[in-house]
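All remarks here apply to the structure that follows.
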Amino acid sequence: MKIYHAQVNHLENPVGFRMERTVFSWKIKEAKGKQQSYARIRVSSDEAMEHLLFDSGEDTKASSLCYPVKLELEPRTRYYWTVEAGSDAGEKAVSEVQFLETGKREEAWSAKWVSCSSEEKRHPYFEKKIIPAKEVAKARLYICGLGLYEVFVDEKRVGNEYLTPYSNDYNEWVQYQTYDVTEEFSSEGTLRVLLGNGWYKARFGFSAFEDKGFYGNDWKLIAELHLMYTDGSEEVIGTDETWQVQRSKISFSNLYDGEHRDDTLPDLPAEQAVLCDAPKGELTDRMSLPVTVHETFRPKELIHTPAGELVFDMGQEFTGIFKLHVKVPKGTKVHVQTGEILQHGNFYNENLRTAKSEYIYISDGTEIDLVPHFTFYGYRYVKIDGIPDLKKEDFTGLAYYSNITATGWMKTGSDLVNQLISNVRWGLKCNFVDVPTDCPQRDERMGWTGDAQVFSPTAMYLEDTYAFYAKYLYDMAKEQSVLGGKVPHVVPSCGVEDAACVWGDAACIIPWNLYLFYGDKSILEDQFVSMKSWVDYITKVDGDNHGWRYIFHFGDWLALDNPVQGAEQVMGATDEEFIANLYYAISAGIVAKAAGVLGYREEQEKYQKLSEEQFAVVQEEYYSATGRCCIKTQTALLLTLKYHLSKNEELTKRQLLKLFEQSNHKLKTGFVGTPLLNNVLTDNGMNDLAYELLLNEEFPGWLYEVKLGATTVWERWNSLLADGTISGISMNSMNHYAYGSIQEWMFRHVAGINTMESHPGVRTVQFAPTLNWDLRYAEAKYDSASGMYSIRWELSDKEYVTITMDVPFDCTAEAVLPLAAESEKEAIAKVLGAEENGRYLLMPGHYEVSYHLSRRMGKNYSLDTPLRVLLQDKEAKAILEQNLPGMDIPEQYKDASLKEMAANFGDRIPEEKVEAVRTALEELSK
């Protein structure tokens, strides 16, 4: 029995983080027992755990998901803690000693905000010679620099974080970071802080100016170095007018356009730091997770393009920076540009719009490794000018993103699907750079709420995202606090103050998803005012005449069913007013459920009533007396089924299937419909269609882009045309994770690890895999907040399946076995126990069951199969095209079979060709 993943506030050994409360959590593995019998949390002032500040004793009701402890935390203090747990088999395990270290909390700063001239564009180093007076026992640096900063002691960089102090509304709050610099100041050294522009004082967002920052135009720095000596005394050295300013060789930086460095520039005389006003926002302990380098990439190929360019292909699109080894003569200009795709074999980055995404270096003749400081790139291809003898070993790509821990893994028998799974994860990594961004490469890179909302369940399967989203939601609540509850389209808003349905509903949907996945109601406590104020804002706008419907809404953004087509078309055909009113009802219902969890009965009743009223409004206006949805789009019907809006769901299913028949079984959904699509289909008995959509290799579909070489998920279904040329450049990203939400369905229904709203924190899952012959097998692991679930199914032939399942300690699972023949039930029960209502209740442990299927898997085609079905299968379609070349089947005849067509049009369909098709279909179906 072992304890792992011990956290406080969903952070492992946090230093300097915001600690409004202390909630402990842990997981257990390798136990012989089935359930936790008790847990004991101890908190101490020393690592030996001898001076206890808290001891819960053996608490038999302790939850490993969240164990709140009230502690009176002092500033700048390290606390140690352990968790001990027992099992019903008499086992006992004790975690390793963990710690949390507070920042300054409410303690006043003795340091002062300092600045320097902004007329000189060369980025400043603020410097102070540090000479410890005595032997140093411990040293801490508390620091914030705006726009961005990096810390050095002499020439050595402190820490491994990038883009500090991170992105938020600096008018509302500003984060500082805490660094352990004990080793660096065991002897004297010069503390040096390099400042850049970043989100604070450079162009960023839609209202950006080339030469003006959105939040400010002056560099600002505050820092306190606390030296604790071995004799117990302490010295504090803070920023003030005595600090010196030296100018670096960096003459330009921003997040969109890159960075310029000129090593031929002369050294400038030192300046004195000057006192300055603090930024508008409150200076607080950090919430942002560290952004650090997680993977490095060497170029897969050095391409000599038809245009005569030298271009590295990194083989994978990622977000971050690079290291470039340079040895060129003095005065040589080295020009680095990044892009996502090639066009006609040449470098291309026009889809980045105004973002230059470059690095310019002027050499002084010194051999050097260049690493950008204050910018980042979303890229796969790198064009380099100025190094004629360029070699692959000269360049290393550095992929960075927030420190999140992988929790979900999946693999199937399809190489294309496996590449899609990789693309989804890389889409997450690329867009989790402190803020859940829409894209990491063009002149945007903003925290679009709609994208974040629809992708959040997938993200929670793939990675431990609680702390990451908690910071984003804190940002959101801060924005709302000055916007009357309104949730702007992007967070931080950077001047974008409009609100819309689905996007703004992230304020309710993301916290609720976090509660369901992690089982810690703290997030609901933190966000309840935000959740409620969003719904109250809608209520105010809605008034007595449905005013909420009539403002601009994105609707089913980028759907393909708008009758007005074109490369730049962005609006779907689903009525935006319908979507707006429906999501009003949905969010009100979520607020009611959150109030119920928190014990706020009056608010629970109020918002439940509001939700029911708004659902009734939607049903009255958009549904006929017979339950027919009056909006004939795939998305509207998916929403109808998901939220049970029609009293005739069989009719709704028929409507939906008819739409898919009319679209030749191709999706037409956008940002609203796509995240729901396959889940709703499977939940409503249309799983074969869900698989067909997943496995479709033609436009539009997930594998279409995979076959065109995508390594992340595209913004548009046709970001590239079939010939590899880009479909448009006004809004076209090869790295948008929203459509990666298909991964949620793959976890829930392909592999079959289906979380249940009735069991927050994933204490119970439903193992309900769905089988597919084209995949042959699927396996998944999910290290949930409660522990590691795993499942694998494999079809050894078309009539036999083997399923293995693992249930973690202190959890249960409901197993719903697919296509289990009645004759197999007795043998299955010997392994899984008695069946109850089609389910087997599994206790912690490992299970393996094999059985014959109630129906044969795979393709069962014949001359009686409708032509539409054959044409949707690439192998069957190839058989028809080979034997009946040039046969153009009118749409009205596609529901007929080839046998029927031959009977009616025998003069045009030779009998020997029909026989050849029959033989080939029989062979295909074996």
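Positions are given from 1 along the sequence.
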Are any of the side-chain heavy atoms of [X] and [Y] separated by less than 4.5 Å?
X: Met228; Y: Val136; result: no
X: Val158; Y: Leu141; result: no
X: Leu227; Y: Ile130; result: yes
X: Leu11; Y: Leu100; result: no
X: Pro488; Y: Trp503; result: no
X: Thr465; Y: Phe432; result: yes
X: Leu473; Y: Ile510; result: yes

Under 3.5 Å: donor-acceptor pair, side chain of [X], backbone of [Y]:
X: Thr102; Y: Glu74; result: yes
X: Ser530; Y: Ala477; result: no
X: Glu744; Y: Thr458; result: no
X: Ser481; Y: Lys478; result: yes
X: Gln480; Y: Ser533; result: no
X: Asp46; Y: His51; result: yes
X: Thr22; Y: Val69; result: yes
X: Thr407; Y: Asp783; result: no
X: Thr764; Y: Ala813; result: no
X: Thr812; Y: Leu842; result: no

Taking His10 as the fixed residue, which of Tyr466, Phe24, Phe17 is the one that meets the ring-ring contact (aromatic ring centres under 6.0 Å, His included) rule?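 Filter result, single survivor: Tyr466.
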
Stepwise ring pair (Phe, Tyr, Trp, His ring centres under 6.0 Å) test for His294 and Tyr400: CA-CA 6 Å; His294 294 264; Tyr400 63 41; 9.1 Å; no

Any chance the side chains of [X] and [Y] put a donor and an acceptor closer than 3.5 Å?
X: Asp88; Y: Ser37; result: no
X: Gln175; Y: Ser288; result: yes
X: Thr164; Y: Gln177; result: no
X: Ser95; Y: Thr82; result: no
X: Trp199; Y: Asn168; result: no
X: Arg18; Y: Tyr474; result: yes
X: His226; Y: Glu235; result: no
X: Gln36; Y: Trp26; result: yes

Quick test of your reading of the model: are [X] and [Y] salt-bridged, counting only N-O distances below 4.0 Å?
X: Lys220; Y: Asp277; result: no
X: Arg140; Y: Asp180; result: yes
X: Lys593; Y: Glu757; result: yes
X: Arg76; Y: Glu234; result: yes
X: Lys471; Y: Asp434; result: yes
X: Lys32; Y: Glu91; result: no
X: Glu101; Y: Arg78; result: yes
X: Arg21; Y: Asp526; result: yes
X: Asp231; Y: Lys134; result: yes
X: Arg40; Y: Asp55; result: yes

What's the shortest heavy-atom distance between Val94 and Glu84, and which atoms?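 Taking Val94 first and Glu84 second, the nearest heavy atoms are CG2-CG, 3.9 Å.
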
Which pair of heavy atoms, one from Tyr472 and one from Gly447, lies closest together, and at what distance?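 What the structure gives for the nearest pair is OH-O, 2.8 Å.
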
Worked check of ring pair (Phe, Tyr, Trp, His ring centres under 6.0 Å) between Tyr782 and Tyr789: CA-CA 5 Å; Tyr782 175 42; Tyr789 292 91; 7.1 Å; no

Distance, nearest 0.5 Å, that separates [atom1] of [X] from [atom2] of [Y]:
X: Asn171; Y: Lys280; atom1: CG; atom2: NZ; answer: 4.5 Å
X: Asn9; Y: Glu12; atom1: CG; atom2: CD; answer: 13.0 Å
X: Glu184; Y: Phe152; atom1: CD; atom2: CZ; answer: 12.5 Å
X: Tyr401; Y: Thr319; atom1: OH; atom2: OG1; answer: 10.5 Å
X: Ser87; Y: Phe809; atom1: OG; atom2: CZ; answer: 5.0 Å
X: Glu224; Y: Glu107; atom1: CD; atom2: CD; answer: 7.0 Å

Cationic tip of [X] above [Y] ring, under 6.0 Å, 45° of axis:
X: Arg157; Y: Tyr179; result: no
X: Lys104; Y: Trp109; result: yes
X: Arg748; Y: Tyr461; result: no
X: Lys29; Y: Tyr4; result: yes

Lys112, NZ atom: more than 12 neighbouring heavy atoms under 6.0 Å: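 Atom NZ in Lys112 is not crowded, with 12 or fewer foreign heavy atoms closer than 6.0 Å.
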
Can you tell me if NZ on Lys781 sees more than 12 non-hydrogen neighbours from other groups inside 6.0 Å?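 No, not enclosed.
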
Would you mind telling me which of Ser64, Ser784, Ser758 makes a side-chain hydrogen bond (donor to acceptor under 3.5 Å, both in side chains) with Arg763?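 The option that passes is Ser64.
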
Check against side chain to side chain contact (heavy atoms under 4.5 Å, CB included), Asp438 and Val490: CA-CA 9 Å; Asp438 61 324; Val490 297; over 6 Å; no

Measure up the Tyr515 and Trp512 rings against each other and bin them: parallel (under 30°), tilted (30 to 60°), perpendicular (over 60°).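 Taking Trp512 first and then Tyr515, their aromatic rings sit tilted (interplane angle of 30° to 60°).
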
Does the gap between the ring centers of Tyr600 and Phe528 come in under 6.0 Å?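 Ring-ring flag for Tyr600/Phe528: true, centres closer than 6.0 Å.
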
Applying ring pair (Phe, Tyr, Trp, His ring centres under 6.0 Å) to Trp448 and Phe455, what does each step give before you reach the verdict? CA-CA 11 Å; Trp448 281 92; Phe455 188 71; over 10 Å; no

List the steps, then state whether side chain to side chain contact (heavy atoms under 4.5 Å, CB included) holds for Leu65 with Ser25. CA-CA 5 Å; Leu65 295 171; Ser25 58; 5.9 Å; no

